[in-house]
Amino acid sequence: MATPAGLERWVQDELHSVLGLSERHVAQFLIGTAQRCTSAEEFVQRLRDTDTLDLSGPARDFALRLWNKVPRKAVVEKPARAAEREARALLEKNRSYRLLEDSEESSEETVSRAGSSLQKKRKKRKHLRKKREEEEEEEASEKGKKKTGGSKQQTEKPESEDEWERTERERLQDLEERDAFAERVRQRDKDRTRNVLERSDKKAYEEAQKRLKMAEEDRKAMVPELRKKSRREYLAKREREKLEDLEAELADEEFLFGDVELSRHERQELKYKRRVRDLAREYRAAGEQEKLEATNRYHMPKETRGQPARAVDLVEEESGAPGEEQRRWEEARLGAASLKFGARDAASQEPKYQLVLEEEETIEFVRATQLQGDEEPSAPPTSTQAQQKESIQAVRRSLPVFPFREELLAAIANHQVLIIEGETGSGKTTQIPQYLFEEGYTNKGMKIACTQPRRVAAMSVAARVAREMGVKLGNEVGYSIRFEDCTSERTVLRYMTDGMLLREFLSEPDLASYSVVMVDEAHERTLHTDILFGLIKDVARFRPELKVLVASATMDTARFSTFFDDAPVFRIPGRRFPVDIFYTKAPEADYLEACVVSVLQIHVTQPPGDILVFLTGQEEIEAACEMLQDRCRRLGSKIRELLVLPIYANLPSDMQARIFQPTPPGARKASANQRAGRAGRVAAGKCFRLYTAWAYQHELEETTVPEIQRTSLGNVVLLLKSLGIHDLMHFDFLDPPPYETLLLALEQLYALGALNHLGELTTSGRKMAELPVDPMLSKMILASEKYSCSEEILTVAAMLSVNNSIFYRPKDKVVHADNARVNFFLPGGDHLVLLNVYTQWAESGYSSQWCYENFVQFRSMRRARDVREQLEGLLERVEVGLSSCQGDYIRVRKAITAGYFYHTARLTRSGYRTVKQQQTVFIHPNSSLFEQQPRWLLYHELVLTTKEFMRQVLEIESSWLLEVAPHYYKAKELEDPHAKKMPKKIGKTREELG
DNA sequence: CAACCTCGT
C-alpha cells in the first residue's frame, strides 16, 4: 500500500499517461471514491454515474488498477436498513442544527410547558395527600378520643396559621423544584448541543446528503417493486416513525419526571405507552423480516447484492424466456469484463502446445470477475530460519484486517454484539483474538473462545496463532476438539469446534469464564453454530459485559445483524491475493471429462503452480485421477510432468500427507477450483469454474438450506431441554426448524423415556444428554446396565457411530475384500458382526497390519476406538458399570432393542414392513442377514437409494419389544398370524450359538 | 443384489 501522498502522485501520473489528464483534484476524487466503495463494481458504477471518466476505453482498466491499490476503509453499519438509516441520520442532524440555533428558546418553551405540567401533577399530588390526611385524621379522631398524643396536638394547632405555613412551604418547595427542573432541561439541551457539535463535521454532513440522494435515486428505480409491497412497507415505516416519536417521548418523560411521584392514572398511561412501544417494536421486527425475504427472492448479480436493487435487474428477471435471459445476461457480463481470456488465446501464444491438445476438445473459459487482492501477485517468499520470526510479523501486518485494528477494537468496545464480515484469508480468525488478547480482554482469568465448524480448522488455526504469538501450543493458545483437549490452565485463547462449545454449555450455561465468544464461519450455518446463536443471544442479555463476535464471509451478514437486535456490521474490505475467476463459455455435458481436459489445458497454458480440483465423491476423484494419469502417459514428454494426487476423507492418512509436501520443481500437482475462497490464501491464483457464469448466478442455490432445517433434532432437543429451555417452539432460532421436525424429536424422546408426558426431562433423559451420541444410542448404552453387557454395547455404539466406512473395498480386489467381510459374519445380525470386527482387532493389539490383511479401514477403527474410550470415560457419570455378557449375545441384542425399538420391521407376505408406519423396506444387500430374511428385525438406519434400505440390521424376537418398551407396543400388534406356518428355524440356530 | 457419503459431540 502506498502512502497517501505517494498514491496521489501515482494516480496523477497514471492519469496523465493514460488520459493526458493531470488535475490534482481528479486524483483526489478518485482516491476518495475508491475508499468509500466496497467493491470494484460499485466503484466503476459510481464513476460512471458521475461521468468523471470515459470508462469504455483504457480508463476502465486504469480504474481497476487504482481500485486494487487504494486502501479501503472499514465500514461499520447496519446493512439491512443502510439507506433508511442514513436518511434518518441526516434528518436528525438537520434537527440538531436547528436545535443548535434556537436551543435557548426551545429550552424556555420546554420549561414553561413542562413546568405547567409539573404544577398540574404537583396539584394533584397535593390534593391526594390532603385527602389522605383528612381520612387519617378522621380515623384517628374516632379511634383516639381518649388518647391525646403529641401528633394529635400538632394538627390541632390554630388551623389558619398552620394551613398558611404549609401551603407557603409547599409553594417554596415547588419553586425550588421548578428551578431544578429548568436546570435539568438546560443541561439536557446543552448535552445535546455538545453531542451535535462533536458529531457534525460539515463534510460528513454533506456526504450523508449525497448518499441520501443516491439512496433516493435507487429507491426511485425500485418503484415497481416497491409498489408491490408498498402497503406492508408503508405500514411498517409508519409504525417505525411512530415508535421513534414514542421512544423520544418516553425518554423525555423519564428524564424530566423521573423522580416525581405519579398518580395511578399517569402510571397507567406510562405503562400503556410502553406497551405500545413494545408492540411497535415487535411489529417492526416482523416487518423487516418480511422485507428481507422479499428482496432475497430475486437473483441479483453478485455485485449489487446487498445494495438496493436496480430497475434493470428486476426487469430482466421478469421478462423473456430463460434462454433469452441467459444469453442477455451472459452478454452483459462479457461486455463488462475488461479482459477476455480464453484458453485458445493462450494456446495460440504457445504454438508448441497447440499440437498437444489438438485431438482434445478445448474448453473455452471467460474471465468474468476478479476477486481483488491487496497485494501484487508475487512468488511466495522463501525465508531462512533467522528471517522467519520477522516475516511472521510482516505477514501479520500484511493481512487485510491489520489496518483496521484500532477501529475494530473500538467497535468491539462500543457494542456488545458485532458482526464481522470479511473474506477468507482476511485474517479475522487468526488476528482478532490476538488483538483482543493484546487489548486485555483476557485479564482477570477470562478466556476468549473462537469456534470453528471443523476440527482441522480449530487445530491448524490454533497452531498458527501460537506460532505468531511465540508460545507453545496448549499454553496460552490452545484448541479443544472431541478426543483432543490441547489446552491448559494457562490457556486464554481457546479455539474449538462449535459442537464443543455447545457441550460446554452443559457445564457452564452462562459461559462465565469467557469474556469474548467469537463464532467464526457463521455463514456455514452448521447445526451447532445455529444453536449457539440462540444460546449466546440469551446469555448476552444477562451478561452485558460478554462480547459476542459473529464472523462471516460476505454473506448473510444482514440476517445475523437482524437476529442480534440490529447489531452493527464491521466490514473488512479486501483479500490478500487476487483470484481471477473464469467461467466456461458454454455448459459442459460430461463434466468429468471436461474437468480432465481443463486440467491439461491449464497445465500447458498457465504459469507453473498447483492445480486443485474439487469433485463430488470418492469414485469421481479416482476416475479423474486415472484419466489424468492415462493422458499424461500418452502425451509423454511433450508436456511437463504432472503429479496427480487424490484426496478424500476415506483415503489413508499417509496418502493425504503427500499433498502437503512441496512440489518437485518443474512438476505440477492435483482442476477446476470450485471455491475461490480456498485459493488465494497463500498466493495469487486463478479459479476455473466448469459452469457458466449464468448458471452460477441463477442455477446454484444462493445459500444451502441451513442444516437445522434438514436434520433430525433429537440430540438438539435433548441438549436444550437439559439446559432448561422448555419452550422449544419459541426458542430463538435464526431459522426455526420445521414444526414437524421438532414434534417428531419430542415424540421420539418421549418414547425413549427421556421426557415425561409434560415434556420435562427425566433422570434418564439427563443422563442421555451427557453422552455425545444420538438419543437412541445413548438409550442403548443406558440399557446395557440392566442386561450387564456394557463392554459389548460400548463397542457396538462406537462402531455404529463411524459411518459405514469400516470395510475397505478396492476395485481390483473386490472378491478378496468381500470374502474377508463375510468371514466376520455372525448369526444374529450386523451389530454382532461389528462387535466381532472390533473384538478381533483389539485382540490383534489394535494392529494396522491386521486391518490391512482383513480389508478393514484402520482410520475408521481408530476412530471407533476413540469414541469407545470417550464413552467408557463417561459411563461413571451416567451410572453404568462396566460389565461383559461373556458371550451371551441375547443380552447384547436385548440392550440394542431397548434403544432401537423405534426402528423395527417385520416380514410380511409382501416383504418387510416397518412395524409402526407400515412402510415397505428392504434389507441392504451388504447386510449379513440379506439372505436369511428373519421375521423380526431391527435396523440402525434407513437409506433411500434405489429402494428404501435398512442398513445394519439385527434379528430380534417380538417378545423383546414388549419387554423393553411396554409403553410403546401392545401385545396384539406383535402377534404373528403366520407363526405356525413358519418354524423358528433361524431362532434355533441362534440359540445354538447364543 | 446394491453401489452417493460432508461435518460435528
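Reminder, nothing fancy here: chain letters follow the sequence lines and each chain counts from 1.
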Can you check the [X] [atom1] to [N] [atom2] distance for me, whole Å?
X	N	atom1	atom2	answer
A:Q857	B:dC5	CD	P	11 Å
A:R809	B:dA2	CZ	C1'	9 Å
A:E524	B:dC7	CD	P	11 Å
A:Y912	B:dC1	OH	P	16 Å
A:Q452	B:dT9	CD	P	12 Å
A:L929	B:dA2	CG	P	18 Å

Would you mind checking if A:E524 and A:R454 are paired as a salt bridge, meaning a charged N to carboxylate O distance below 4.0 Å?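 Salt bridge: yes.
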
Side chains of A:Y902 and A:E747 only: does a donor on one sit below 3.5 Å from an acceptor on the other?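 Note: A:Y902 and A:E747 side chains miss the donor-acceptor criterion.
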
Hey, does [X] reach any base, or is it just sugar-phosphate, or nothing, if we go heavy atoms under 4.0 Å?
X	answer
A:T946	sugar-phosphate
A:L771	nothing
A:F922	nothing

According to a strict under-4.0 Å criterion, is A:R454 in side-chain N/O contact with OP1 or OP2 of B:dT6?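 Answer no for this pair, as no side-chain N or O of A:R454 is under 4.0 Å from OP1 or OP2.
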
Is there a side-chain contact between A:S805 and the phosphate of B:dC5, meaning an N or O under 4.0 Å from OP1 or OP2?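 No, outside the criterion.
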
Once the angle between the rings of A:F855 and A:H816 is folded into 0 to 90°, is it parallel (under 30°), tilted (30 to 60°) or perpendicular (over 60°)?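 Aromatic pair A:F855/A:H816 classed parallel.
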
Between A:W841 and A:Y846, what is the ring plane arrangement, given parallel below 30°, perpendicular above 60°, and tilted in between?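 A:W841 and A:Y846: perpendicular rings.
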
When the nearest nucleotide of DNA chain B is assigned to A:D818 and to A:G499 on a heavy-atom basis, which residue is associated with the more 5' position?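 Nearest nucleotide further toward 5': that of A:D818.
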
